[in-house]
Asks: 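First the structure, which I've put down as structure tokens, then a few questions once you've had a look.
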Amino acid sequence: MNSPEQPLPTFDEVLLCTPQTSAEQVGLFLRRCLIPCPGGDKIYTMLYADELSYDVSCRAEELFQRLQCYNRSYRLIILCNCERDNSYLPSAFSHYKVHMIPQRSQAEMQQYLQHHFRVAQPSSSAAAVFKEHMCVGIVSSKRAGMGK
């Protein structure tokens with residue numbers, strides 16, 4: 001986010017974890033992160049790693065320990081809910097823990113995201129319904145079940 005032209009993460013750089021995320025999915029992700037390849041300047045991010053099952057978390061830690069010797073310059077971020085930091089994976093990686101404070105203001109982050117999510121040529125696409133021709137949006141309501 002140092003410049004507006006810096007791209008968003010690609011699909012292979014992010015793993016959104018759920019309780020249903022398999023050990024195979026986590027393994028593929030860790031291999032992409034830890035095994036050196038050309039263009040290795042990517043930053044890999046596991047979101048909600050605290051949601052992984054105990055078995056998947058154990059296997060992920062074992063694989064990480066085996067693979068990290070192949071690449072000492074990997075860039076991996078594991079984001080967890082601070083209320084669940086006692087689950088397996090956050091506990092296993094606790095010695096790497098870094099408390100982060102955003103270095104950019106909320107306005108700067110919003111501007112960066114708007115730059116990347118704005119539809120260049122507004123047409124008869126779904127982007128026409130979102131504010132300022134964004135291709136993504138959040139729809140919410142204070143009342144549940146109102147047809148969002």
Side-chain angles (χ1 to χ4, degrees), residues 1-119 126-127 130-148:
M1 203 183 109
N2 292 328
S3 81
E5 303 310 315
Q6 192 173 11
L8 291 169
T10 58
F11 71 94
D12 65 330
E13 293 175 88
V14 179
L15 178 64
L16 181 60
C17 301
T18 67
Q20 290 75 36
T21 302
S22 69
E24 289 76 21
Q25 290 171 306
V26 175
L28 288 171
F29 179 78
L30 289 174
R31 283 179 179 85
R32 281 195 300 265
C33 173
L34 296 169
I35 296 177
C37 63
D41 58 346
K42 295 182 176 186
I43 300 173
Y44 293 89
T45 307
M46 289 179 70
L47 298 169
Y48 305 115
D50 53 294
E51 296 281 329
L52 295 172
S53 70
Y54 180 80
D55 181 51
V56 171
S57 296
C58 289
R59 291 175 63 186
E61 183 196 12
E62 289 171 12
L63 183 61
F64 177 83
Q65 297 300 336
R66 279 188 292 150
L67 293 178
Q68 81 176 85
C69 65
Y70 291 105
N71 185 1
R72 291 289 182 193
S73 62
Y74 63 88
R75 300 191 307 177
L76 174 63
I77 299 169
I78 301 175
L79 295 174
C80 302
N81 182 340
C82 64
E83 295 173 4
R84 292 182 41 102
D85 66 350
N86 60 344
S87 59
Y88 186 86
L89 212 54
S91 296
F93 289 92
S94 64
H95 54 284
Y96 296 109
K97 184 187 265 184
V98 175
H99 291 282
M100 294 296 299
I101 297 172
Q103 300 298 308
R104 305 281 186 199
S105 70
Q106 183 177 355
E108 287 176 304
M109 289 188 267
Q110 287 174 334
Q111 187 177 21
Y112 172 79
L113 292 172
Q114 285 175 350
H115 173 76
H116 286 284
F117 288 126
R118 184 170 286 122
V119 175
F130 290 117
K131 182 179 174 183
E132 299 176 7
H133 302 289
M134 295 291 136
C135 63
V136 297
I138 297 174
V139 178
S140 65
S141 172
K142 294 183 190 292
R143 296 174 58 193
M146 298 305 292
K148 293 181 283 302

Asks: Please tell me if the side chains of L34 and Y70 come closer than 4.5 Å, counting only heavy atoms from C-beta onward.
Replies: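 No - every pair of side-chain heavy atoms lies 4.5 Å or more apart.
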
Asks: Taking atom CD as the centre, does Q106 end up with more than 12 heavy-atom neighbours from other residues, nucleotides or ligands that are less than 6.0 angstrom away?
Replies: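 No - once you tally the heavy atoms of other residues, nucleotides and ligands closer than 6.0 Å, there are 12 at most.
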
Asks: Does Q68 have more than 12 heavy atoms from other residues, nucleotides or ligands lying within 6.0 Å of its CD?
Replies: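 More than 12 heavy atoms, drawn from other residues, nucleotides or ligands, come within 6.0 Å of this atom.
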
Asks: Rounded to the nearest 0.5 Å, how far apart are NZ of K42 and SG of C33?
Replies: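 SG of C33 is found 11.0 Å from NZ of K42.
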
Asks: Throw together a table of side-chain donor-acceptor distances under 3.5 angstrom for residues 53-64, partners on residues two or more places apart or in other chains.
Replies:
{"unit_1": "S53", "atom_1": "OG", "unit_2": "V56", "atom_2": "N", "d": "3.3"}
{"unit_1": "S57", "atom_1": "OG", "unit_2": "S53", "atom_2": "O", "d": "2.9"}
{"unit_1": "E61", "atom_1": "OE1", "unit_2": "Y88", "atom_2": "OH", "d": "2.4"}

Asks: Taking all non-hydrogen atoms of both residues, which atom of T21 and which atom of L16 are closest, and how far apart?
Replies: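 For T21 and L16, the tightest heavy-atom pair comes out as OG1-O, 3.9 Å.
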
Asks: What distance separates Q114 CD from Q110 CD, expressed to the nearest 0.5 Å?
Replies: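 Output value for this atom pair is 6.5 Å.
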
Asks: To the nearest 0.5 Å, what is the distance between CG on L89 and CE on M46?
Replies: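 It comes to 5.5 Å.
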
Asks: Quick one: list whatever passes salt bridge (Lys or Arg N to Asp or Glu O under 4.0 Å) with R31, sequence neighbours left out.
Replies: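 For R31 there are no salt bridge (Lys or Arg N to Asp or Glu O under 4.0 Å) partners, ignoring immediate neighbours.
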
Asks: What I'd like to find out is whether the side chain of L15 reaches to under 4.5 Å of the side chain of Y44, using heavy atoms alone.
Replies: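 No, too far: nothing below the 4.5 Å cut-off.
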
Asks: L79: which residues meet the side chain to side chain contact (heavy atoms under 4.5 Å, CB included) condition with it, sequence neighbours left out?
Replies: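 Expected list: T45, L47, I77.
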
Asks: For the pair D50 (side chain) and S87 (backbone), establish whether a donor and an acceptor sit closer than 3.5 Å, ignoring hydrogens and angles.
Replies: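 Between the backbone of S87 and the side chain of D50 there is no qualifying donor-acceptor contact (under 3.5 Å).
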
Asks: I need the F93 CZ to C80 SG distance, nearest 0.5 Å.
Replies: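 Interatomic distance, F93 CZ to C80 SG, rounded to 0.5 Å: 10.0 Å.
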
Asks: Within the 4.5 Å heavy-atom criterion, are R84 and P90 side-chain neighbours or not?
Replies: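 No - every pair of side-chain heavy atoms lies 4.5 Å or more apart.
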
Asks: Answer whether the closest heavy-atom distance between the side chains of E13 and R32 falls below 4.5 Å.
Replies: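 No, every pair of side-chain atoms sits at 4.5 Å or beyond.
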
